[in-house]
Amino acid sequence: MSDPVLGLVSLAAIFAGILTGYPMAFTFIFVSLVFGYMGMGDRVVGLMQYQFFSLMRNTTLAAIPLFLFMGFVLERSGLMDRMFRALRLLLGRLRGSLYLIVLLVATLFAAATGIVGASVTVLGVMAAPIMRETGYNTRLSAGAIGAGGTLGILIPPSILLIVMGPVVGVPVSDLFTAAIVPGLVLATTYIVYTLVRSYMNPELGPPLTSQELSETSFGEKMLELLLGIVPVMVVICFTLGVIIAGIATPTDAAACGALASLVLAIAYRRMTWKSFKQCVFQTLLLSSMIMFLLGAANFFGAVFSRLGSADLLTEYLLSLSLPPTVMLLIILFIVFLLGSPLEWIPIVLVIVPIFLPTMVEMGYDPLWFSILVAVTLQTSWLTPPMALSAYFLKGVVPEWKMGDIYLGMTQFVFLQLLVVLALVMFPQIVLWLPNALQ
Amino acid sequence: MGMSEASERRLRRATEFLDIPGRIVGKAAAWLIVPMIGALVYEVVARYGFNSPTMWAYDATFMLYGALFMLGAAYTLGQDRHVRADFLFNVLPPRWQGVIDGVMILFLFFPAMFFFTEATFIYARTSWMQGERIPTSPMMPIIYPLKAVMPITGALLLVQGVSELLKSCYCIAANRPFRDGGVDV
Amino acid sequence: KAQDKTYDLNIQTAVPNSSLYFKLVEEFGKSLEDMSGGRLKVNVLPDGAEVAAFEILDAVSNGVVNAGYCWPHYWSGKNSAFVLFSNVPASTGMDQQSLMSWYYAGEGFDLYQELLQEVMNLDVVSFPMEPMGPDPLGWFAKPFESMDEFRSLKYRAPPGIAGQTYNAMGVPAVAMPGSELVPAAQRGTIDAAEWIGPADDRNLGLSKIWNYYYLQGLHQQTDVGELLINKSFFEGLPDDLKAMIRTAVLANAMQTQATNLRENSLAVKEYEEGGIHVLDTPDEYYQMFIDAQNEIIKKYLDENAFFARVYKSQEDFAKLVYPYHSRVQKLHSEVVQGAEKVRQGQQ
Ligand code: NA
Ligand code: NA
C-alpha cells in the first residue's frame, strides 16, 4: 500500500474507532502508531514524543486550566448561574436571550485570547447548566457554544494568524487588522441565526413566562442587576480587559481572573473548602481530558500529513487548468475538506504553501486570500472526525449526546461557509479596514 | 450470567486498589494550579507594578501546567472522563459496553500505552543523561524532570488500564454499569 | 549500480516559507539536484511541518528526518558549548567574518563535529552554511538615549546567555514566546523586542506597531544557519555526492552573505521610507554588555570543560586575527563612511 492510500485508510480507521465509543484520545494514539509505523517505521514514536512535549511546554495553552479554574469557581459558587438568570430576567420576553448572551461573551473572549480550547470549555461550564435547565434546545445550544468558542482563532489576537503570517509572507499585524470585520460578521451571523430561529420557534430558546415576569418587581430586577450581574461582569471584564489593555498576556490574565473570582466567591460567602477542592479537581479532570486529546489529535495530524495524502490531493487539483475563480473555490473546498481529519496547524504549515504560489500567480491578494483560508479553517474545529470543539464541549457537558452536538455544530458550519462565500463575493469586507488604516 | 456478592466485593476491592496510584498522583497534581496562579499573579504585579518582570514565572508556568494535565490523565481515565463519542455506545446495554471497553483496552489501549511509555521513557532518559536544559528561556532551567513526567504518565495509565479492564469485566458479568454515575472528587 | 541509485534528502528547517533563509535553503537543494543530475532529491520543509524547531537535532540523529536546518545555539540546552558555534559571546572578540574563518580555515569545524559526535554521541554531521549575523537590537516603542532609559523599557529578550546578560545589565528582560509577541506589542505589554533581522522582520509586522529600530546589538552579533545531516545516511552516500554536498554548502555560504547584505539593506531602506526611525545604539551599551557578559560566562567556563576549550580556541583565534582584522575593519568602515560623506557633500 502506498503512503497516501495508507493515509486514507487511517482516516477510515479513525472514524471506526470513534464510532466504538471508546475514549478517543487513546484511539487516536493507537491508530497513529499503527499507520505511522506502516508508513515510516519506528521513527513514528519520535513524532509522538515531540507532539506531546511541545504541548507540555506551551505557555499560551497554559491559559486553559487557568480559565477553566476561573469558570469552575464562578460556577460552583453559584455566581454564574445567578448572573445568567439575572441577564435573562432583564431580557425578559426576548426569545433565545441566552444564545445572545453566550455569543456576546464568546466574542469578548475571542477578542482577548487567541486559542479555542479555553472559550469552548469555559462557556460550556458556565452557560450549559442554565441552558439545560431553562429548556433551551440542545443542538442549538451546543452549536452556539462550540462555534462561538472557535471565534477565538479568527478575531485577533489569533494564534492561527500568527502562524500563518510568516507562511504567506504577510505581516501578522496586517492579518490581525483584516480579520476583525470578518470575525464580527461571523459573530453577528451566529447571533442573528439563533435569534431568528428562536423567534420562529420559541421552544428553541424559551423566554420568561408572563408568570415569571410578573413575579419579579422592577426593584427586585434592579437589585439583581446590582448584586447578581455587576460583580461577575466586573471580574470577567477585568480579566479580559487587562489583556486588551496590555497589562497582561492571556495566560497572565487567566491567573489574575482565577484569583479575582476566588476573592469574589469568598466575599459572597459562596466558597467552602469542599467546593474549592471540587474546583481544583474538576479543573484537573477537564484539563487532562482536553490536553491529552489535543496531544493525541496533533499526533494523528503529524502522521497523516507525513503520509502525504493531503499533499497529493492538493497537487492533483492544482495540476488541473481551471479558471481562477473555480480554482479559488476548489482550494477553499480542499481546506474545508482537510479540516475534517486535520487540525489547522498542518494545513497552514504544509498545505497552504503548496497552493499559495498558484493563487498569487492568478493575481489574488495574499492578505484577502489568507483571511479566506482562516475563516474556512474555523470549520476544522467543528467537522468530525477531529471536531475538537465538539469533544471539548462533550467533556464539559457529558449530559449532551455527541450526536446532538455534531448536529448542532453542522448548522454553524453552514453559516461559516456562507460567510466564506460572502467574503469571496465582497472582498471589501476583508480589505476595507486595512485600507482605511493605511 | 451474574456475579455473586462475594466476587463483586473482591473485584471492587481490586479496582479500588488499582485506582490508588492514579488517584493519588492525579489529585496531588491538581493542586499545581495554585502555585501556577501565584507565579503568574506575582509576575503581573512585578512587571506592571514595578517594571521588573521575573525571569522564572513563564518557566514555572509551563512546567506546572505540563505536569498538571499529564499526571492527571490516569485519574481522568479512572473517572471515565476522557471523551467518548457515545451515539452508539450509550444505547447499548451495559454488558455490550463492557465488551467494547474490554476489547479496546486489551487490543488498543494496552499496546498504545505500552509504546507511549517505552518511547517517552527513552526520550526522558536521554534528556536526563544530557542534563538537558530548555534553551527557549533566559534562565535555561533543567527540563528532564518535565520530560520524565511523560513515562510516569504512561505507567500510571497502564496500571489504571488494568483497573478499567476489571471494571469492564464487571459490566459484562453483571450487565450493570460499574459506576453509579456522578464523579467522585 | 551505485551510480544510478537516487537518495532523498528531507531537510526539516526551522524557518517559515516566506523567510529569506528558507529560500536560500531551497536554492541549496535545487543546486544539489542539478549537480547530481537528479540522484539527490531534496525536499525542503518549513518550520513545524514535521518536527518543531527545537526538536530538529534529535530528529536528525534518530532519523525521523534525515536532514535539518537550524542554528547551533538552539541546542545549548543539551550542552552549553553549542551556543559558541553560532551565537558567539561578544566577549570572545569574534565577529561574523572571524567566525566563518575559524570554522573553515581554523579549528571550528572539527570542534563542532567533536561536540556533536563524541561529546553528545549524536548520529549527526553539521555543516555551518548560512552566515546571517548580526541580529539587530530590535524594535522599540520609543527611542532611548542612555542605558538608564533602556532600563525603563520592558524588553522581550532572547533566551539563554543573551537574556541573562540583559538581566544582569538591569534591563527588564521579559521571557515571552515568539507566538505572543505581536499581541503583546500591540497592547503595550512589552515596550521593545528583538526578532530576526530587517528582511525577515517584515513578516511579523512589528514595524507597523513600533517606529524605532535599532540595528546594533551584541546579544547575537554572529549567527550561522547549519545544515544537519544524519551521519549514517551521509556516510552511506557515494563519495561524489558527499563532495557535492560539501561544495554546495560553501557555495550557499557565499550566496547567503551576498543575499543577506542586499535584502536587509533593501528592507531598511523600505522602513526608513515608511517613516521608521533607524537609530544608533548608545555607545555606552557596548562596553556594558561585554562586561556583563564576561561575568555571566565565568560560570559556564567553570562548569563545562568543553565550553572552556572552544571559548579558548575562539579567543585565540580572535587574538590571532586582531592585528590584521582590526585594521581591515577600520578600512572597511572608512570606505563606507567616507564615500557617504562625499555623497552628502555633493547634495
Ligand atoms: Na482571538
Ligand atoms: Na475537524
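Chain letters run A, B, ... following the sequence lines, proteins first, then strands; residues in each count from 1.
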Asks: At a heavy-atom separation under 4.5 Å, does B:Leu77 approach chain A through its side chain, its backbone, both, or neither?
Replies: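 Side chain only.
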
Asks: Do you know which two heavy atoms are closest between B:His82 and A:Phe292, and how far apart they sit?
Replies: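 Of all heavy-atom pairs spanning B:His82 and A:Phe292, the closest is CE1-CB, 4.1 Å.
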
Asks: Tell me, out of B:Met104, B:Glu43, B:Met36, who's got the most heavy-atom pairs with chain A below 4.5 Å.
Replies: B:Met104

Asks: Around atom CD of B:Glu5, are there more than 12 heavy atoms of other residues, nucleotides or ligands at under 6.0 Å?
Replies: no

Asks: Taking the side chain as every heavy atom from C-beta outward, state whether A:Val45 and B:Glu118 have any pair of such atoms under 4.5 Å apart.
Replies: no

Asks: What part of B:Leu32 lies closer than 4.5 angstrom to a heavy atom of chain A: side chain, backbone, both or neither?
Replies: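 Contact with chain A: none, neither part.
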
Asks: Verify side-chain contact (heavy atoms from CB on, under 4.5 Å) between B:Leu146 and A:Phe53, making sure each step is shown before the conclusion.
Replies: CA-CA 9 Å; B:Leu146 188 62; A:Phe53 187 65; 3.9 Å; yes

Asks: Do B:Leu108 and A:Tyr22 make a side-chain contact, defined as non-hydrogen atoms from C-beta onward lying under 4.5 Å apart?
Replies: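 Yes, side chains in contact.
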
Asks: Between the main-chain N or O of B:Ala119 and the side-chain N or O of A:Gln49, is there a donor-acceptor pair closer than 3.5 Å?
Replies: yes

Asks: Are the side chains of B:Phe69 and A:Ile64 in contact, using a 4.5 Å heavy-atom criterion?
Replies: no

Asks: Rounded to the nearest 0.5 Å, what separation is found between the CG atom of B:Asp80 and the CE atom of A:Met289?
Replies: 12.0 Å

Asks: Locate the shortest heavy-atom distance separating B:Leu68 from A:Pro65; write the atom from each residue and the value.
Replies: CD2-CB, 4.4 Å

Asks: Is there a side-chain contact between B:Tyr65 and A:Thr251 in this structure, where contact means two heavy atoms from C-beta onward sitting under 4.5 Å apart?
Replies: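 Not in contact.
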
Asks: For B:Leu64, is it the side chain, the backbone, both or neither that has a heavy atom under 4.5 Å from a heavy atom of chain A?
Replies: neither

Asks: So which heavy atom on B:Arg81 is nearest to which on A:Gly395, and how close?
Replies: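 B:Arg81 and A:Gly395 have their closest heavy atoms at NH2-O, 3.1 Å.
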
Asks: Could you measure the distance from the CG atom of B:Leu40 to the CG atom of A:Leu259? Nearest 0.5 Å is fine.
Replies: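 Nearest 0.5 Å value for the CG-CG distance: 11.0 Å.
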
Asks: Between A:Tyr406 and chain B, with a heavy-atom cut-off of 4.5 Å, which part of the residue counts as in contact: side chain, backbone, both or neither?
Replies: side chain

Asks: Among A:Leu284, A:Asp42, A:Asp404, which residue forms the greatest number of heavy-atom pairs with chain B at distances under 4.5 Å?
Replies: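 Most heavy-atom pairs under 4.5 Å with chain B: A:Leu284.
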
Asks: Roughly how far, to the nearest 0.5 Å, is OG1 of B:Thr76 from CE of A:Met291?
Replies: 12.5 Å

Asks: Distance check, rounded to the nearest 0.5 Å: A:Tyr37 atom OH versus B:Phe115 atom CZ?
Replies: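 Nearest 0.5 Å value for the OH-CZ distance: 8.5 Å.
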
Asks: What option among A:Val31, A:Leu286, A:Asn58 has the most heavy-atom pairs under 4.5 Å with chain B?
Replies: A:Asn58

Asks: Based on non-hydrogen pairs under 4.5 Å, which of A:Ala390, A:Ala255, A:Ser288 is most in contact with chain B?
Replies: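 Ranked by contacts with chain B, first place is A:Ser288.
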
Asks: Ignoring hydrogens, what is the shortest heavy-atom contact between A:Pro23 and B:Arg84? Give both atom names and the distance.
Replies: CD-NH1, 3.6 Å

Asks: Taking the six-membered ring for Trp, are A:Phe276 and B:Trp31 parallel (under 30°), tilted (30 to 60°) or perpendicular (over 60°)?
Replies: tilted

Asks: Within a radius of less than 6.0 Å around CZ of B:Phe110, do more than 12 heavy atoms belonging to other residues, nucleotides or ligands occur?
Replies: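 Yes, the 6.0 Å shell around CZ holds more than 12 heavy atoms from other groups.
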
Asks: Quick one: pull up CZ in A:Phe30 and CZ in B:Phe107 and give me the separation to the nearest 0.5 Å.
Replies: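 Going from CZ on A:Phe30 over to CZ on B:Phe107, the span is 10.0 Å.
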
Asks: Check each atom of B:Val149 against the heavy atoms of chain A and say whether the ones under 4.5 Å are side chain, backbone, both or neither.
Replies: side chain

Asks: Working to the nearest 0.5 Å, report the span between CZ of A:Phe26 and CD1 of B:Ile105.
Replies: 10.0 Å

Asks: Taking every non-hydrogen pair under 4.5 Å, which of A:Thr283, A:Leu293, A:Leu19 racks up the most with chain B?
Replies: A:Leu19

Asks: Report yes if the side chains of A:Asp252 and B:Tyr58 come closer than 4.5 Å at any heavy-atom pair, otherwise no.
Replies: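 A:Asp252 vs B:Tyr58: side chains touch.
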
Asks: Counting only non-hydrogen atoms closer than 4.5 Å, does A:Phe69 touch chain B with its backbone (N, CA, C, O), its side chain (CB onward), both, or neither?
Replies: side chain

Asks: Just wondering, do B:Ile143 and A:Arg57 contact through their side chains at under 4.5 Å, heavy atoms?
Replies: no

Asks: May I ask you to name which of B:Thr61, B:Leu157, B:Leu71 has the most heavy-atom pairs under 4.5 Å with chain A?
Replies: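 Of the candidates given, the most pairs with chain A belong to B:Leu157.
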
Asks: Pick whichever of A:Leu262, A:Ile405, A:Thr59 has the most heavy-atom pairs under 4.5 Å with chain B.
Replies: A:Thr59

Asks: State, yes or no, whether a side-chain contact exists between B:Asn90 and A:Lys401 at a heavy-atom distance under 4.5 Å.
Replies: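 A side-chain contact under 4.5 Å is absent here.
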
Asks: Do B:Lys27 and A:Val280 come within less than 4.5 Å of each other through their side chains, counting heavy atoms only?
Replies: no

Asks: Please classify the contact of A:Ser32 with chain B as side chain, backbone, both or neither, using a heavy-atom distance under 4.5 Å.
Replies: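 Answer is neither: A:Ser32 stays 4.5 Å or more from chain B.
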
Asks: Flag the one option from B:Ala124, B:Gly72, B:Ala85 with the top tally of heavy-atom pairs under 4.5 Å to chain A.
Replies: B:Ala85

Asks: Top residue by heavy-atom pair count (under 4.5 Å) with chain B, among A:Leu33, A:Thr60, A:Ile29, A:Leu61?
Replies: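 Maximum pair count with chain B is reached by A:Leu61.
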
Asks: Between A:Gly21 and B:Phe89, which heavy-atom pair has the shortest distance, and what is it?
Replies: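 Between these two residues, the closest heavy atoms are CA-CB, 3.9 Å.
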
